[in-house]
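Labels below follow one simple rule: chain letters A, B, ... track the order of the sequence lines, proteins then strands, and each chain is numbered from 1.
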Amino acid sequence: MPELPEVEVVVRKLRPRIIGRTIRNVSIRRLRVIAPTSEEDLIRTLKGTRFASLERRGKYLVFTLQRGKASITLLGHLGMSGDMYVVPQAEAEPKHAAVVLLLGNQKFIYEDTRYFGRFTLDTKPLEYLGPEPINTGFRLKEFREALRRSSQSIKVKLLDQCLVAGLGNIYASEALFRSGISPRLPARKLTDAQIKRLWQMIPKVLKHAIRFGTTRGDGYIGRLTVYDRKGKPCRVCKRPISRIVQGGRSTYFCSKCQR
DNA sequence: CACCATGTTCCTTG
DNA sequence: CCAAGGAACATGGT
């Protein structure tokens with residue numbers, strides 16, 4: 001999926017194109033993405049409302065809609081392969097359109113090849129999210145205490161959205177590389193210095209990705225330091241990058257630079 | 001055909 | 001009860 005940086009880029013582009021616009025019609029092309037909301041409920045709730053705001057929370061898109069004075073929250077998530085954008089009403093729809101909203105002469109498209117994402121009225125997932133790693137709320141003390149309480153490997157722990165919201169498989173590897181920490185190290189074994197370094201690097205890695213892009217835009221994966229570079233020379237020491245599996249997912253790292 | 005993929009949730013196991 | 005591990009979800013790329 002798009003991780004925090006990719007979601008942030010989608011939100012920034014989407015925001016000016018939808019704010020103030022009214023939803024004239026709602027078309028659900030794949031029921032799974034609106035669960036647990038029902039099709040009837042979603043259509044009835046959204047039709048005739050106006051987009052008032054759009055914010056990002058972790059990897060979620062939080063839409064606020066208004067109908068008169070009443071306010072409605074709609075939660076979006078891009079799963080592994082989702083995207084949301086606005087196109088002219090006449091434009092052909094993508095093969096894997098999941099939800100289409102008619103906005104007068106334009107339409108909002110949520111497309112998702114694998115349909116792992118969400119477009120729903122159920123906002124429960126937001127309650128379990130940890131702090132935002134950029135802008136506000138990411139405190140060193142809380143981060144340190146949470147790591148102390150876990151025996152999971154630090155790489156797997158970083159994917160826990162309760163710890164910090166928005167890191168995914170790519171940026172977890174990237175942040176650990178830049179912090180010089182082995183992904184296999186149990187979270188509770190990190191030294192205070194390592195924790196501080198990781199706490200500092202997480203926002204840096206994410207902000208850098210928002211600014212320069214990595215996995216989106218033209219489908220091109222830009223300058224990632226370690227992710228997907230198995231066997232290629234470490235950009236720092238030239239030794240080949242390793243790939244291991246943790247929690248069923250790939251981790252890339254440099255066994256020399258990361259202890 | 002085999003294996004891999006930016007995520008989350010549910011079920012099983014210990 | 002809790003933590004950890006693995007499968008499932010669905011489609012496509014190599």
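For A:Glu111, there are no salt bridge (charged side-chain N to carboxylate O under 4.0 Å, His left out) partners two or more places apart in sequence or in a different chain.
No hydrogens or angles considered: a donor-acceptor pair under 3.5 Å links the side chains of A:Thr45 and A:Asp41. With no hydrogens or angles considered, no side-chain donor-acceptor pair links A:Thr113 and A:Ser81 at under 3.5 Å. Side chain to side chain, A:Ser182 and A:Gln258 fail the donor-acceptor criterion of an N or O pair below 3.5 Å.
Residue contacts for A:Ser250: at a heavy-atom cut-off of 4.0 Å it reaches the sugar-phosphate backbone alone, with no base atom in range. Within the nucleic acid shown, A:Gly168 comes within 4.0 Å of sugar-phosphate atoms alone, with no base atom in reach, counting heavy atoms only. Contact annotation for A:Lys230: no contact, since no heavy-atom pair falls under 4.0 Å across all strands. At the heavy-atom level, A:Arg149 lies nowhere under 4.0 Å from the strands shown.
We find that CG of A:Leu4 is positioned 11 Å from P of B:dG7, with the value rounded to whole Å. Atoms CG (A:Asp112) and P (C:dC9) sit 16 Å apart, rounded to a whole Å. Between A:Gln246 atom CD and C:dG6 atom P the separation is 12 Å, expressed in whole Å. In this entry the distance linking CZ of A:Arg243 with C1' of B:dC4 reads 8 Å, nearest Å. Following rounding to the nearest Å, A:Tyr115 (OH) and B:dG7 (C1') show an atom-to-atom distance of 17 Å.
When each of B:dT8, C:dC9, C:dG12 is scored by its nearest atom to the side-chain atoms of A:Arg32, the top-ranked nucleotide is C:dC9. Listed nucleotides: B:dG7, C:dG12, B:dT8. Nearest to the side chain of A:Thr113: C:dG12. Distance from the side chain of A:Lys59 is smallest to B:dG7 among C:dA10, B:dG7, C:dA3. Closest to the side chain of A:Tyr60, from the set C:dG12, B:dT8, B:dG7, is B:dT8.
When the P atom is used for both C:dA10 and B:dC11, the distance is 15 Å, rounded to whole Å. Between the P atoms of B:dT8 and C:dG13, the separation comes to 23 Å (whole Å).
The ring of A:Phe116 lies on top of the base of B:dG7, close enough and flat enough: under 5.5 Å between centres, under 30° between planes.
Atom CZ of A:Arg17 has 12 or fewer neighbouring heavy atoms from other residues, nucleotides or ligands inside a 6.0 Å radius.
Annotation: the span from A:Arg178 atom CZ to A:Tyr171 atom OH amounts to 10.5 Å, rounded to 0.5 Å.
Between A:His96 and C:dG12 there is a side-chain polar atom (N or O) within less than 4.0 angstrom of OP1 or OP2. Taking 4.0 angstrom as the limit, A:Lys95 places a side-chain polar atom (N or O) nearer than this to OP1 or OP2 of C:dG12.
A salt bridge does not link A:Asp83 to A:Lys13: none of the charged side-chain nitrogens sits closer than 4.0 Å to a carboxylate oxygen.
Along DNA chain B, the nucleotide nearest A:Leu159 and the nucleotide nearest A:Gly248 are compared for position; the residue whose nucleotide lies closer to the 5' end is A:Gly248.
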Exercise for the section: Taking Watson-Crick and G-U wobble pairs with both distances under 3.5 Å, convert DNA chain C into its dot-bracket string, 5' to 3', dots for unpaired and | for cross-strand pairs. Expected result: .||||||||.||||
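For A:Phe143 and A:Phe138, the distance between ring centers is under 6.0 angstrom.
Within 3.5 Å, a donor on the side chain of A:Arg114 pairs with an acceptor on the base of B:dA5, or the reverse.
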